[in-house]
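Down below is the structure, laid out as C-alpha coordinates.
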There are 2 protein chains.
Amino acid sequence: MTDSAVADGRRRRKPGRPKDNGDLRDVIADHAEQVFAEHGFAGARVRDIAARAGVNQALISYYFGSKRKLFDDVFRRRGRVLAGHRHVNLDALLDRGEQLAVEDIILAYLKPQWDMKYSGPGGAAFVRMQARLHAEPEEDALRLRREVYDASLHRYITVLAKNLPDIPEDIISMRMAFLVGTYLFMLNDLGRLQDLTSGHITDVGKDQMLSHLVAFLSAGLRAPV
Amino acid sequence: MTDSAVADGRRRRKPGRPKDNGDLRDVIADHAEQVFAEHGFAGARVRDIAARAGVNQALISYYFGSKRKLFDDVFRRRGRVLAGHRHVNLDALLDRGEQLAVEDIILAYLKPQWDMKYSGPGGAAFVRMQARLHAEPEEDALRLRREVYDASLHRYITVLAKNLPDIPEDIISMRMAFLVGTYLFMLNDLGRLQDLTSGHITDVGKDQMLSHLVAFLSAGLRAPV
DNA sequence: GCGTAATTTAATCATTTGTATAATAACAAG
DNA sequence: CTTGTTATTATACAAATGATTAAATTACGC
(Lines give C-alpha, C1' and ligand atoms only; values in the text may rest on other atoms or scores of the structure.)
Protein backbone atom coordinates (compact mmCIF):
# COMPACT_ATOMS: atom_id res chain seq x y z
CA MET A 1 0.00 0.00 0.00
CA THR A 2 2.94 2.23 -0.53
CA ASP A 3 1.26 5.09 -2.28
CA SER A 4 1.32 4.90 -5.99
CA ALA A 5 -0.80 7.63 -7.41
CA VAL A 6 -0.65 5.65 -10.59
CA ALA A 7 -1.35 2.24 -9.22
CA ASP A 8 -5.07 2.13 -8.68
CA GLY A 9 -6.94 4.72 -10.61
CA ARG A 10 -5.98 4.46 -14.22
CA ARG A 11 -6.02 1.42 -16.40
CA ARG A 12 -4.44 2.52 -19.66
CA ARG A 13 -4.94 -0.13 -22.26
CA LYS A 14 -2.83 1.47 -24.90
CA PRO A 15 0.91 1.63 -24.54
CA GLY A 16 2.68 4.89 -24.40
CA ARG A 17 4.06 7.36 -21.97
CA PRO A 18 1.49 8.42 -19.39
CA LYS A 19 0.78 12.09 -18.80
CA ASP A 20 2.01 12.07 -15.26
CA ASN A 21 5.43 10.60 -15.54
CA GLY A 22 6.36 8.67 -12.53
CA ASP A 23 8.93 7.47 -10.35
CA LEU A 24 7.56 4.11 -11.23
CA ARG A 25 11.03 2.86 -10.59
CA ASP A 26 10.57 3.52 -6.90
CA VAL A 27 7.07 2.10 -6.91
CA ILE A 28 8.47 -1.11 -8.32
CA ALA A 29 11.29 -1.21 -5.79
CA ASP A 30 8.87 -0.76 -2.91
CA HIS A 31 6.68 -3.61 -3.95
CA ALA A 32 9.60 -5.80 -4.85
CA GLU A 33 10.83 -5.39 -1.30
CA GLN A 34 7.58 -6.82 -0.01
CA VAL A 35 7.50 -9.76 -2.35
CA PHE A 36 11.13 -10.71 -1.82
CA ALA A 37 10.57 -10.54 1.92
CA GLU A 38 7.57 -12.83 1.74
CA HIS A 39 8.92 -15.44 -0.63
CA GLY A 40 12.66 -15.05 -0.83
CA PHE A 41 14.53 -14.51 -4.05
CA ALA A 42 13.76 -17.84 -5.68
CA GLY A 43 10.19 -17.83 -4.48
CA ALA A 44 9.40 -14.33 -5.67
CA ARG A 45 7.70 -13.98 -9.02
CA VAL A 46 8.47 -11.09 -11.30
CA ARG A 47 4.86 -11.15 -12.43
CA ASP A 48 3.70 -10.78 -8.88
CA ILE A 49 5.91 -7.78 -8.25
CA ALA A 50 4.74 -6.10 -11.42
CA ALA A 51 1.13 -6.80 -10.61
CA ARG A 52 1.36 -5.41 -7.11
CA ALA A 53 3.14 -2.34 -8.35
CA GLY A 54 0.42 -1.96 -10.94
CA VAL A 55 2.82 -1.81 -13.84
CA ASN A 56 3.64 -3.90 -16.82
CA GLN A 57 6.04 -6.74 -16.37
CA ALA A 58 8.43 -5.44 -18.96
CA LEU A 59 8.98 -2.30 -16.94
CA ILE A 60 11.04 -4.13 -14.41
CA SER A 61 13.41 -5.34 -17.07
CA TYR A 62 13.45 -1.83 -18.43
CA TYR A 63 14.42 -0.26 -15.15
CA PHE A 64 16.45 -2.94 -13.42
CA GLY A 65 17.63 -5.30 -16.11
CA SER A 66 16.85 -8.56 -14.39
CA LYS A 67 15.30 -10.12 -11.34
CA ARG A 68 18.65 -10.53 -9.63
CA LYS A 69 19.66 -6.94 -10.27
CA LEU A 70 16.32 -5.80 -8.92
CA PHE A 71 16.91 -7.74 -5.74
CA ASP A 72 20.40 -6.39 -5.23
CA ASP A 73 19.27 -2.89 -5.93
CA VAL A 74 16.45 -3.03 -3.44
CA PHE A 75 18.64 -4.58 -0.80
CA ARG A 76 21.43 -2.06 -1.22
CA ARG A 77 19.03 0.84 -1.03
CA ARG A 78 17.98 -0.01 2.53
CA GLY A 79 21.35 -1.38 3.46
CA ARG A 80 23.04 1.91 2.85
CA VAL A 81 20.52 3.74 4.98
CA LEU A 82 21.05 1.25 7.77
CA ALA A 83 24.82 1.47 7.65
CA GLY A 84 24.59 5.24 7.64
CA HIS A 85 22.54 5.34 10.81
CA ARG A 86 24.90 2.97 12.52
CA HIS A 87 27.86 5.14 11.71
CA VAL A 88 26.08 8.26 12.87
CA ASN A 89 25.10 6.66 16.15
CA LEU A 90 28.61 5.50 16.86
CA ASP A 91 30.07 8.89 16.02
CA ALA A 92 27.67 10.50 18.44
CA LEU A 93 28.74 8.11 21.16
CA LEU A 94 32.41 8.72 20.54
CA ASP A 95 31.91 12.45 20.61
CA ARG A 96 30.72 12.23 24.17
CA GLY A 97 34.23 11.36 25.16
CA GLU A 98 33.31 9.64 28.40
CA GLN A 99 33.74 5.99 29.12
CA LEU A 100 31.02 4.11 27.32
CA ALA A 101 28.87 1.33 28.67
CA VAL A 102 28.61 -1.81 26.59
CA GLU A 103 24.86 -1.35 26.65
CA ASP A 104 25.16 2.01 24.93
CA ILE A 105 27.29 0.61 22.16
CA ILE A 106 25.00 -2.33 21.56
CA LEU A 107 22.00 -0.09 21.55
CA ALA A 108 23.63 2.24 19.06
CA TYR A 109 24.12 -0.73 16.78
CA LEU A 110 20.69 -2.26 17.17
CA LYS A 111 18.47 0.79 17.30
CA PRO A 112 18.64 1.73 13.60
CA GLN A 113 17.47 -1.71 12.62
CA TRP A 114 14.72 -1.55 15.18
CA ASP A 115 13.55 1.83 14.03
CA MET A 116 13.67 0.74 10.44
CA LYS A 117 11.54 -2.28 11.14
CA TYR A 118 8.85 -0.16 12.69
CA SER A 119 9.15 2.69 10.23
CA GLY A 120 6.66 1.06 7.91
CA PRO A 121 5.99 -1.99 5.79
CA GLY A 122 9.14 -1.43 3.77
CA GLY A 123 11.32 -1.52 6.84
CA ALA A 124 9.76 -4.69 8.13
CA ALA A 125 10.17 -6.26 4.73
CA PHE A 126 13.84 -5.41 4.69
CA VAL A 127 14.40 -7.20 7.96
CA ARG A 128 12.86 -10.31 6.53
CA MET A 129 14.97 -9.96 3.43
CA GLN A 130 18.06 -9.84 5.60
CA ALA A 131 17.11 -12.92 7.54
CA ARG A 132 16.57 -14.77 4.30
CA LEU A 133 19.74 -13.53 2.72
CA HIS A 134 21.73 -14.73 5.69
CA ALA A 135 20.46 -18.24 5.11
CA GLU A 136 21.62 -18.27 1.49
CA PRO A 137 24.95 -19.93 0.87
CA GLU A 138 25.30 -18.60 -2.65
CA GLU A 139 28.18 -16.41 -3.60
CA ASP A 140 25.97 -13.56 -4.73
CA ALA A 141 24.31 -13.39 -1.37
CA LEU A 142 27.61 -13.46 0.43
CA ARG A 143 29.03 -10.53 -1.48
CA LEU A 144 25.94 -8.49 -0.87
CA ARG A 145 26.01 -9.18 2.85
CA ARG A 146 29.62 -8.21 3.17
CA GLU A 147 29.03 -5.07 1.19
CA VAL A 148 26.27 -3.97 3.51
CA TYR A 149 27.48 -5.04 6.93
CA ASP A 150 31.22 -5.11 6.90
CA ALA A 151 32.28 -1.56 7.50
CA SER A 152 30.01 -0.60 10.36
CA LEU A 153 30.32 -3.93 12.13
CA HIS A 154 34.06 -3.57 12.08
CA ARG A 155 33.99 -0.16 13.68
CA TYR A 156 31.77 -1.39 16.49
CA ILE A 157 34.09 -4.27 17.17
CA THR A 158 37.01 -1.93 17.52
CA VAL A 159 35.19 0.34 19.92
CA LEU A 160 33.96 -2.59 21.98
CA ALA A 161 37.46 -3.98 22.18
CA LYS A 162 38.63 -0.73 23.68
CA ASN A 163 35.85 -0.82 26.25
CA LEU A 164 36.33 -4.44 27.20
CA PRO A 165 40.08 -4.68 27.70
CA ASP A 166 39.82 -8.06 29.42
CA ILE A 167 38.39 -9.74 26.35
CA PRO A 168 40.54 -10.40 23.30
CA GLU A 169 39.36 -8.83 20.09
CA ASP A 170 38.95 -12.25 18.48
CA ILE A 171 36.38 -13.16 21.04
CA ILE A 172 34.58 -9.90 20.62
CA SER A 173 34.41 -10.47 16.88
CA MET A 174 32.91 -13.85 17.45
CA ARG A 175 30.41 -12.57 19.94
CA MET A 176 29.35 -9.79 17.64
CA ALA A 177 28.64 -12.44 15.05
CA PHE A 178 26.49 -14.17 17.64
CA LEU A 179 24.77 -10.88 18.21
CA VAL A 180 23.91 -10.41 14.58
CA GLY A 181 22.30 -13.82 14.52
CA THR A 182 20.32 -13.15 17.62
CA TYR A 183 18.75 -9.88 16.69
CA LEU A 184 18.13 -10.73 13.05
CA PHE A 185 16.45 -13.93 13.98
CA MET A 186 14.24 -12.21 16.44
CA LEU A 187 13.47 -9.04 14.59
CA ASN A 188 12.55 -11.17 11.64
CA ASP A 189 9.24 -11.70 13.25
CA LEU A 190 8.49 -10.72 16.76
CA GLY A 191 5.24 -12.63 16.49
CA ARG A 192 7.15 -15.82 16.07
CA LEU A 193 8.70 -15.47 19.47
CA GLN A 194 5.30 -16.41 20.76
CA ASP A 195 5.30 -19.51 18.66
CA LEU A 196 8.71 -20.59 19.81
CA THR A 197 7.69 -20.21 23.40
CA SER A 198 4.14 -21.51 23.13
CA GLY A 199 2.52 -18.19 23.69
CA HIS A 200 4.41 -17.25 26.81
CA ILE A 201 5.44 -13.93 25.41
CA THR A 202 2.52 -11.76 24.59
CA ASP A 203 2.40 -8.36 26.10
CA VAL A 204 5.96 -7.25 25.60
CA GLY A 205 6.12 -4.07 23.57
CA LYS A 206 8.76 -3.43 21.00
CA ASP A 207 10.75 -0.99 23.12
CA GLN A 208 10.70 -3.34 26.06
CA MET A 209 11.80 -6.14 23.79
CA LEU A 210 14.71 -4.10 22.58
CA SER A 211 15.95 -3.46 26.09
CA HIS A 212 15.56 -7.11 26.99
CA LEU A 213 17.66 -7.94 23.99
CA VAL A 214 20.30 -5.37 24.85
CA ALA A 215 20.54 -6.74 28.37
CA PHE A 216 20.91 -10.29 27.11
CA LEU A 217 23.53 -9.43 24.53
CA SER A 218 25.53 -7.13 26.76
CA ALA A 219 25.79 -9.81 29.40
CA GLY A 220 26.93 -12.26 26.75
CA LEU A 221 29.53 -9.88 25.42
CA ARG A 222 30.91 -9.27 28.88
CA ALA A 223 31.08 -12.93 29.83
CA PRO A 224 34.51 -13.68 31.28
CA VAL A 225 36.76 -15.73 29.07
CA MET B 1 17.45 -47.27 -36.54
CA THR B 2 14.89 -45.47 -34.42
CA ASP B 3 14.89 -48.18 -31.84
CA SER B 4 15.05 -46.38 -28.56
CA ALA B 5 16.38 -49.22 -26.55
CA VAL B 6 20.00 -49.37 -27.48
CA ALA B 7 20.68 -45.96 -28.91
CA ASP B 8 23.37 -45.23 -26.40
CA GLY B 9 24.97 -48.40 -25.36
CA ARG B 10 25.56 -47.36 -21.80
CA ARG B 11 23.63 -48.33 -18.75
CA ARG B 12 20.15 -47.66 -19.93
CA ARG B 13 17.90 -49.01 -17.26
CA LYS B 14 14.75 -50.71 -18.33
CA PRO B 15 11.77 -50.04 -16.13
CA GLY B 16 10.79 -52.55 -13.57
CA ARG B 17 11.46 -53.58 -10.06
CA PRO B 18 15.13 -54.16 -9.41
CA LYS B 19 16.27 -57.49 -8.03
CA ASP B 20 17.60 -56.18 -4.76
CA ASN B 21 15.36 -53.49 -3.52
CA GLY B 22 17.78 -50.85 -2.30
CA ASP B 23 15.23 -48.60 -0.70
CA LEU B 24 15.31 -45.78 -3.13
CA ARG B 25 13.00 -43.85 -0.86
CA ASP B 26 15.85 -43.17 1.50
CA VAL B 27 18.25 -42.42 -1.29
CA ILE B 28 15.87 -39.77 -2.53
CA ALA B 29 15.39 -38.31 0.93
CA ASP B 30 19.13 -38.04 1.45
CA HIS B 31 19.72 -36.15 -1.73
CA ALA B 32 16.65 -34.01 -1.26
CA GLU B 33 18.10 -32.89 2.04
CA GLN B 34 21.17 -31.61 0.28
CA VAL B 35 19.33 -29.80 -2.44
CA PHE B 36 16.83 -28.17 -0.10
CA ALA B 37 19.70 -27.02 2.08
CA GLU B 38 21.52 -25.47 -0.83
CA HIS B 39 18.64 -23.73 -2.53
CA GLY B 40 15.76 -23.57 -0.10
CA PHE B 41 12.34 -24.95 -0.83
CA ALA B 42 11.40 -22.64 -3.65
CA GLY B 43 14.85 -22.75 -5.17
CA ALA B 44 15.14 -26.52 -5.15
CA ARG B 45 14.28 -28.33 -8.36
CA VAL B 46 12.60 -31.70 -8.29
CA ARG B 47 14.54 -32.66 -11.39
CA ASP B 48 17.76 -31.85 -9.64
CA ILE B 49 16.92 -34.03 -6.67
CA ALA B 50 15.97 -36.92 -8.90
CA ALA B 51 19.10 -36.55 -10.96
CA ARG B 52 21.40 -36.50 -7.95
CA ALA B 53 19.66 -39.50 -6.47
CA GLY B 54 20.05 -41.23 -9.81
CA VAL B 55 16.39 -42.05 -10.14
CA ASN B 56 13.56 -41.08 -12.37
CA GLN B 57 11.64 -37.96 -11.58
CA ALA B 58 8.34 -39.75 -11.30
CA LEU B 59 9.69 -41.77 -8.46
CA ILE B 60 9.60 -38.86 -6.09
CA SER B 61 5.93 -38.34 -6.77
CA TYR B 62 5.44 -42.04 -6.30
CA TYR B 63 7.07 -42.11 -2.90
CA PHE B 64 6.34 -38.69 -1.49
CA GLY B 65 3.40 -37.32 -3.41
CA SER B 66 4.68 -33.83 -3.99
CA LYS B 67 7.62 -31.53 -3.53
CA ARG B 68 6.16 -30.00 -0.38
CA LYS B 69 5.47 -33.37 1.17
CA LEU B 70 8.97 -34.47 0.35
CA PHE B 71 10.35 -31.43 2.12
CA ASP B 72 8.23 -31.95 5.22
CA ASP B 73 9.10 -35.59 5.32
CA VAL B 74 12.81 -34.99 5.11
CA PHE B 75 12.65 -32.27 7.71
CA ARG B 76 10.64 -34.32 10.15
CA ARG B 77 12.96 -37.26 9.83
CA ARG B 78 15.92 -35.34 11.23
CA GLY B 79 13.79 -33.24 13.50
CA ARG B 80 12.58 -36.24 15.40
CA VAL B 81 16.10 -37.49 15.90
CA LEU B 82 17.15 -34.12 17.18
CA ALA B 83 14.26 -33.81 19.60
CA GLY B 84 14.95 -37.31 20.83
CA HIS B 85 18.54 -36.50 21.70
CA ARG B 86 17.51 -33.37 23.49
CA HIS B 87 15.07 -35.25 25.64
CA VAL B 88 17.60 -37.92 26.45
CA ASN B 89 20.20 -35.36 27.42
CA LEU B 90 17.87 -33.54 29.71
CA ASP B 91 16.69 -36.74 31.35
CA ALA B 92 20.29 -37.65 32.03
CA LEU B 93 20.88 -34.29 33.66
CA LEU B 94 17.80 -34.56 35.82
CA ASP B 95 18.76 -38.03 36.94
CA ARG B 96 21.90 -36.65 38.49
CA GLY B 97 19.75 -35.00 41.09
CA GLU B 98 22.28 -32.34 42.03
CA GLN B 99 21.89 -28.67 41.42
CA LEU B 100 22.52 -28.00 37.75
CA ALA B 101 24.62 -25.27 36.25
CA VAL B 102 23.04 -23.21 33.50
CA GLU B 103 25.99 -24.14 31.33
CA ASP B 104 25.12 -27.81 31.60
CA ILE B 105 21.55 -27.26 30.59
CA ILE B 106 22.47 -25.12 27.61
CA LEU B 107 25.06 -27.61 26.53
CA ALA B 108 22.55 -30.43 26.76
CA TYR B 109 20.31 -28.51 24.44
CA LEU B 110 22.93 -27.46 21.94
CA LYS B 111 25.11 -30.50 21.74
CA PRO B 112 22.78 -32.72 19.71
CA GLN B 113 22.53 -30.11 17.02
CA TRP B 114 26.27 -29.71 17.05
CA ASP B 115 26.90 -33.40 16.79
CA MET B 116 24.35 -33.73 14.04
CA LYS B 117 25.98 -31.00 12.02
CA TYR B 118 29.31 -32.77 12.13
CA SER B 119 27.89 -36.25 11.75
CA GLY B 120 28.06 -36.01 7.98
CA PRO B 121 26.76 -34.12 4.97
CA GLY B 122 23.17 -34.90 5.86
CA GLY B 123 23.49 -33.35 9.28
CA ALA B 124 25.07 -30.20 7.95
CA ALA B 125 22.36 -29.95 5.34
CA PHE B 126 19.69 -30.21 7.99
CA VAL B 127 21.14 -27.26 9.88
CA ARG B 128 20.95 -25.17 6.74
CA MET B 129 17.40 -26.33 6.16
CA GLN B 130 16.49 -25.18 9.62
CA ALA B 131 18.02 -21.77 9.17
CA ARG B 132 16.10 -21.36 5.96
CA LEU B 133 12.87 -22.63 7.40
CA HIS B 134 13.10 -20.13 10.21
CA ALA B 135 13.19 -17.32 7.71
CA GLU B 136 10.00 -18.48 6.02
CA PRO B 137 6.86 -16.70 7.13
CA GLU B 138 4.52 -19.17 5.48
CA GLU B 139 2.04 -21.09 7.50
CA ASP B 140 3.36 -24.45 6.40
CA ALA B 141 6.81 -23.60 7.66
CA LEU B 142 5.44 -22.38 10.96
CA ARG B 143 3.57 -25.58 11.68
CA LEU B 144 6.59 -27.66 10.87
CA ARG B 145 8.81 -25.63 13.16
CA ARG B 146 6.42 -25.91 16.04
CA GLU B 147 6.03 -29.59 15.51
CA VAL B 148 9.77 -30.15 15.70
CA TYR B 149 10.87 -27.73 18.38
CA ASP B 150 8.00 -27.14 20.72
CA ALA B 151 8.09 -30.02 23.12
CA SER B 152 11.77 -30.16 23.96
CA LEU B 153 12.20 -26.41 24.10
CA HIS B 154 9.39 -26.22 26.58
CA ARG B 155 10.95 -28.74 28.88
CA TYR B 156 14.24 -26.89 28.90
CA ILE B 157 12.51 -23.65 29.77
CA THR B 158 10.86 -25.27 32.75
CA VAL B 159 14.11 -26.70 34.04
CA LEU B 160 15.92 -23.42 33.55
CA ALA B 161 13.20 -21.58 35.40
CA LYS B 162 13.74 -23.84 38.37
CA ASN B 163 17.47 -23.20 38.26
CA LEU B 164 17.20 -19.46 37.86
CA PRO B 165 14.65 -18.52 40.51
CA ASP B 166 15.47 -14.82 40.24
CA ILE B 167 14.36 -14.62 36.64
CA PRO B 168 10.69 -14.85 35.71
CA GLU B 169 9.76 -17.65 33.37
CA ASP B 170 8.54 -15.15 30.76
CA ILE B 171 12.00 -13.74 30.50
CA ILE B 172 13.55 -17.15 30.29
CA SER B 173 11.22 -18.03 27.47
CA MET B 174 12.23 -14.94 25.61
CA ARG B 175 15.90 -15.55 26.18
CA MET B 176 15.61 -19.11 24.97
CA ALA B 177 14.11 -17.74 21.80
CA PHE B 178 17.17 -15.49 21.52
CA LEU B 179 19.30 -18.54 22.02
CA VAL B 180 17.69 -20.46 19.20
CA GLY B 181 18.37 -17.60 16.86
CA THR B 182 21.96 -17.31 17.93
CA TYR B 183 23.01 -20.88 17.52
CA LEU B 184 21.03 -21.57 14.36
CA PHE B 185 22.45 -18.53 12.71
CA MET B 186 25.94 -19.50 13.59
CA LEU B 187 25.77 -23.21 13.05
CA ASN B 188 24.30 -22.50 9.68
CA ASP B 189 27.74 -21.88 8.44
CA LEU B 190 30.69 -21.58 10.70
CA GLY B 191 32.70 -20.42 7.73
CA ARG B 192 30.58 -17.37 7.44
CA LEU B 193 31.64 -16.19 10.84
CA GLN B 194 34.88 -15.35 9.19
CA ASP B 195 33.09 -13.26 6.64
CA LEU B 196 31.09 -11.38 9.21
CA THR B 197 34.22 -10.52 11.10
CA SER B 198 36.52 -9.93 8.16
CA GLY B 199 38.61 -12.98 8.75
CA HIS B 200 39.26 -12.39 12.41
CA ILE B 201 38.08 -15.82 13.36
CA THR B 202 40.09 -18.53 11.77
CA ASP B 203 41.60 -21.12 13.98
CA VAL B 204 38.74 -21.81 16.33
CA GLY B 205 37.79 -25.45 16.26
CA LYS B 206 34.22 -26.65 16.45
CA ASP B 207 34.45 -27.79 20.07
CA GLN B 208 36.01 -24.56 21.12
CA MET B 209 33.34 -22.68 19.25
CA LEU B 210 30.64 -24.58 21.07
CA SER B 211 32.06 -23.69 24.45
CA HIS B 212 32.40 -20.05 23.43
CA LEU B 213 28.78 -20.11 22.47
CA VAL B 214 27.70 -21.77 25.68
CA ALA B 215 29.57 -19.16 27.69
CA PHE B 216 27.98 -16.34 25.76
CA LEU B 217 24.47 -17.70 26.02
CA SER B 218 24.70 -18.70 29.66
CA ALA B 219 25.82 -15.22 30.59
CA GLY B 220 22.93 -13.79 28.63
CA LEU B 221 20.44 -16.12 30.28
CA ARG B 222 21.70 -15.19 33.71
CA ALA B 223 21.66 -11.46 33.11
CA PRO B 224 19.87 -9.73 36.00
CA VAL B 225 16.47 -8.34 35.19
C1' DG C 1 4.60 -72.03 -12.27
C1' DC C 2 1.11 -68.28 -12.38
C1' DG C 3 -1.15 -64.16 -11.56
C1' DT C 4 -1.08 -60.01 -9.19
C1' DA C 5 0.77 -56.18 -7.03
C1' DA C 6 4.78 -53.24 -6.48
C1' DT C 7 8.43 -50.61 -8.37
C1' DT C 8 10.72 -48.11 -11.92
C1' DT C 9 11.21 -45.87 -16.39
C1' DA C 10 10.51 -42.89 -20.70
C1' DA C 11 7.68 -39.62 -22.39
C1' DT C 12 4.81 -35.93 -22.09
C1' DC C 13 1.51 -32.33 -20.30
C1' DA C 14 -0.10 -28.11 -18.81
C1' DT C 15 1.56 -24.22 -16.53
C1' DT C 16 4.64 -21.00 -14.96
C1' DT C 17 8.61 -18.14 -15.45
C1' DG C 18 12.07 -14.65 -16.84
C1' DT C 19 12.97 -11.96 -20.54
C1' DA C 20 12.51 -9.88 -25.20
C1' DT C 21 10.01 -7.39 -29.00
C1' DA C 22 7.35 -4.25 -31.25
C1' DA C 23 3.87 -0.75 -30.90
C1' DT C 24 2.33 3.56 -29.00
C1' DA C 25 1.84 7.83 -26.57
C1' DA C 26 3.87 11.97 -24.18
C1' DC C 27 7.20 15.25 -24.36
C1' DA C 28 11.19 18.11 -25.90
C1' DA C 29 13.92 20.29 -29.50
C1' DG C 30 14.39 22.41 -33.80
C1' DC D 1 5.03 20.87 -37.70
C1' DT D 2 8.43 17.46 -37.85
C1' DT D 3 11.57 14.58 -35.64
C1' DG D 4 13.62 12.07 -32.12
C1' DT D 5 13.83 10.31 -27.40
C1' DT D 6 11.78 8.21 -23.44
C1' DA D 7 8.43 5.72 -20.78
C1' DT D 8 4.95 2.36 -20.90
C1' DT D 9 2.04 -1.33 -22.71
C1' DA D 10 0.32 -5.69 -24.89
C1' DT D 11 2.01 -9.75 -26.64
C1' DA D 12 4.89 -13.50 -27.27
C1' DC D 13 8.42 -16.90 -26.53
C1' DA D 14 11.51 -20.33 -25.34
C1' DA D 15 12.98 -22.59 -21.46
C1' DA D 16 12.01 -24.57 -17.11
C1' DT D 17 8.99 -26.73 -13.82
C1' DG D 18 5.94 -29.93 -10.97
C1' DA D 19 3.19 -33.43 -11.93
C1' DT D 20 1.02 -37.36 -14.50
C1' DT D 21 0.55 -41.37 -17.48
C1' DA D 22 1.17 -45.70 -19.53
C1' DA D 23 4.05 -49.20 -20.09
C1' DA D 24 7.60 -52.35 -18.59
C1' DT D 25 9.68 -55.35 -15.49
C1' DT D 26 10.27 -58.05 -11.47
C1' DA D 27 9.27 -59.90 -6.76
C1' DC D 28 6.27 -62.65 -4.29
C1' DG D 29 2.15 -65.17 -2.42
C1' DC D 30 -0.41 -68.99 -3.75
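Every chain is numbered from 1, with letters handed out A, B, ... down the list of sequences.
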| query | Cation over ring, A/Arg68 on A/Phe71, under 6.0 Å and within 45°? | reply | yes
| request: Give the C-alpha distance, both sets of side-chain angles, the deciding distance and a yes or no for side chain to side chain contact (heavy atoms under 4.5 Å, CB included) between B/Arg77 and B/Phe126. | output: CA-CA 10 Å; B/Arg77 209 173 45 140; B/Phe126 178 64; over 6 Å; no
| Residue list, side chain to side chain donor-acceptor pair (under 3.5 Å) with A/Asp72, at least two apart or on another chain | none
[X]: which residues meet the salt bridge (charged side-chain N to carboxylate O under 4.0 Å, His left out) condition with it, sequence neighbours left out?
X        : answer
B/Lys111 : B/Asp115
B/Arg143 : B/Asp140
A/Glu138 : none

| query | What string of B, S and - do you get for nucleotides 13-19 of chain C, 5' to 3', when a contact is any protein heavy atom under 4.0 Å? | reply | ----BBB
| message | With a cut-off of less than 4.0 Å, is there a side-chain N or O of B/Tyr62 near OP1 or OP2 of C/dA6? | response | no
Throw together a table of side-chain donor-acceptor distances under 3.5 angstrom for residues 80-89 of chain B, partners on residues two or more places apart or in other chains.
| from | atom 1 | to | atom 2 | distance (Å) |
| --- | --- | --- | --- | --- |
| B/Arg86 | NE | B/Tyr109 | O | 3.3 |
| B/Arg86 | NH1 | B/Tyr109 | OH | 3.4 |
| B/Arg86 | NH2 | B/Gln113 | OE1 | 3.1 |
| B/Arg86 | NH2 | B/Tyr183 | OH | 2.8 |
| B/His87 | ND1 | B/Arg155 | NH1 | 3.1 |
| B/Asn89 | ND2 | B/Ala108 | O | 3.1 |

Round to the nearest Å and state the distance from [X] atom [atom1] to [N] atom [atom2].
X       : N      : atom1 : atom2 : value
B/Tyr63 : C/dT9  : OH    : P     : 10 Å
B/Arg25 : C/dA6  : CZ    : P     : 15 Å
B/Asp23 : D/dA27 : CG    : C1'   : 15 Å
B/Leu24 : C/dT9  : CG    : C1'   : 12 Å
B/Ile60 : D/dT17 : CD1   : C1'   : 12 Å
B/Phe64 : C/dT7  : CZ    : P     : 13 Å

| task | Among the candidates C/dT8, C/dA10, D/dT6, find the nucleotide nearest to the side-chain atoms of B/Asn56. | result | C/dA10
| What pairs of residues pass the salt bridge (Lys or Arg N to Asp or Glu O under 4.0 Å) test when at least one of them lies in residues 48-65 of chain B, not counting sequence neighbours? | B/Glu38-B/Arg52, B/Asp48-B/Arg52
| request: Only counting residues at least two apart or in another chain, list the ones meeting side chain to side chain contact (heavy atoms under 4.5 Å, CB included) with A/Ala124. | output: none
| note | Per-helix bend value, the helix from C/dG1-D/dC30 to C/dG30-D/dC1, C1' rotation axes over five pairs per end, 10° rounding, shows 0°
